[in-house]
Amino acid sequence: MINTQMIPKAELHLHLEGSMKPRLVRQLAKRNGLIVPEDMFAPDETYLWKDFLDFLQVYDKATVVLKNQQDYRDMTYAYLEECARANTLYVELIYSPDHALLCGVSIEDSLEGVIQGIQDAKRDFGIEARILLAFVRHFGVEKCVKIAQWAAANPHPLITGVNLAGDEINFPAEQFSEAFRIAADAGLQCTTHAGEMAGPESVWQAIDTAPISRVGHGVRAIEDDKLIETLIQRNITLEVCPGSNIALQVYPDFAHHPLRKLKDRGVKVTLSSDDPPFFATTLANEYDNAVRYFQFNENELLEMTRNSLNAAFVDEATRKALLARVRI
Ligand code: ADE
Ligand code: ZN
């Protein structure tokens, strides 16, 4: 089998709060004098949850250990260090301002920590990262509009986009068009989860009501030929997270997952890990699985990394410099 360690990687879809391994959660809890319920952890450094909505709740429970700027810095640095050691050039971190507020940390303090973590990791490992602000669907439209307004008033070169996340079934994308409009008008690039927990109609709604150039997951687009054609025509890149989709039972196993079909139909696909310790995966593992279960060869893996960089929410000089590093 191909040794994917050598393959340069790039990740467009990673929830920063969802990147914390149980060991880090325990460590931060101890540092902050908190007790975390042990029943949310599995023995193998992953988390226990039952279904999508339960996963979102366990995610919130793990996040509450973040109490200050240093915690946000350490979480960010730990994730980027691991990625850099697996030859990852670039990561987009989906950071949730509303989760920071839930933890009692201000948006400013938490973001200072994230930015410090990015700068330290770049200094130590040469890895680039950017921040996407999460709009969390089930926290409501008003909160998302507030985040968009905050972002418009507080531009930062490392904050380059927004991503609508959370409960796709009960909170359809069209409800969030004002939040997207404010973000886009402020120069932020936009993507949204769609076609993960809901079907192709959710992807149609996302691409027709939000100013997006990418779709998070989007895998259920495979059920609709016209939609596949439209994704290709509009040059929309999919942030595919196969390990997450299987853990959340969007598909029963890799044999049923449409990654290979989407690629062969001509859709631009990329690989991401979503919330790695929740789904017992890593970005490196996703590249391995693309070889093992979807028969991707070296050139196809490199093509996915290039697809990520071509769709990345970065300035053109950074994109060009990163693309130049995609070689074995
Ligand atoms: N928030 C964190 N992970 C998510 C996922 N996979 N889908 C929707 N919202 C999320
Ligand atoms: Zn996600």
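Counting starts at 1 for both ligands and their atoms, following the listed order. Positions are given from 1 along the sequence.
Heavy-atom contacts from other residues, nucleotides or ligands closer than 6.0 Å to CD of E142 number 12 or fewer. Residue-environment remark: CD (Q249) stays at or below the threshold of 12 foreign heavy atoms within 6.0 Å.
Around the Zn ion (ligand 2), protein N, O or S atoms at less than 2.8 Å comprise H13 NE2, H15 NE2, H193 NE2, D274 OD1.
Classified by interplanar angle (parallel below 30°, tilted 30° to 60°, perpendicular above 60°), the ring pair Y72/Y95 is perpendicular.
Given atom 6 (N) of ligand 1, the protein heavy atom at minimum distance is D274 OD2, 2.7 Å.
Taking the ring centre of F254 as origin, the terminal cationic atom of R292 falls outside the region bounded by 6.0 Å and 45° from the ring axis. In this structure, R220 forms no cation-pi arrangement with Y251, as its terminal cationic atom is not both closer than 6.0 Å to the ring centre and no more than 45° off the ring axis. Figure legend: cation-pi geometry between K143 and F135 absent, as NZ or CZ is not positioned both under 6.0 Å from the six-membered ring centre and within 45° of its axis. Cation-pi geometry between R325 and Y90 is not met: the NZ or CZ atom fails to fall both under 6.0 Å from the ring centre and inside 45° of the normal.
Under the 4.0 angstrom criterion for non-hydrogen atoms, F52 is in contact with ligand 1. Taking a 4.0 Å cut-off on heavy atoms, G166 registers as neighbouring ligand 1.
Near F55, meaning under 4.0 Å from any of its heavy atoms, are these atoms of ligand 1: 2 (C), 3 (N), 4 (C).
Salt-bridge check for D109 with R73: failed, with every basic side-chain N at 4.0 Å or more from each acidic carboxylate O.
No hydrogens or angles considered: nothing links the side chains of T63 and D60 as a donor-acceptor pair under 3.5 Å.
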Item checked: Derivation and outcome, side chain to side chain contact (heavy atoms under 4.5 Å, CB included), residues F176 and F171 -> CA-CA 9 Å; F176 300 88; F171 299 85; 4.0 Å; yes

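In terms of polar-atom proximity, D275 is counted as a contact of ligand 1, with an N or O under 3.5 Å from an N or O of the ligand. In terms of polar-atom proximity, defined here as any N/O pair under 3.5 Å, Y59 makes no such contact with ligand 1.
If you look at E196 next to ligand 1, the close heavy atoms, those under 4.0 Å, all belong to the side chain.
For atom 2 (C) of ligand 1, the nearest non-hydrogen atom from the set H193, H15, R137, M197 belongs to H15.
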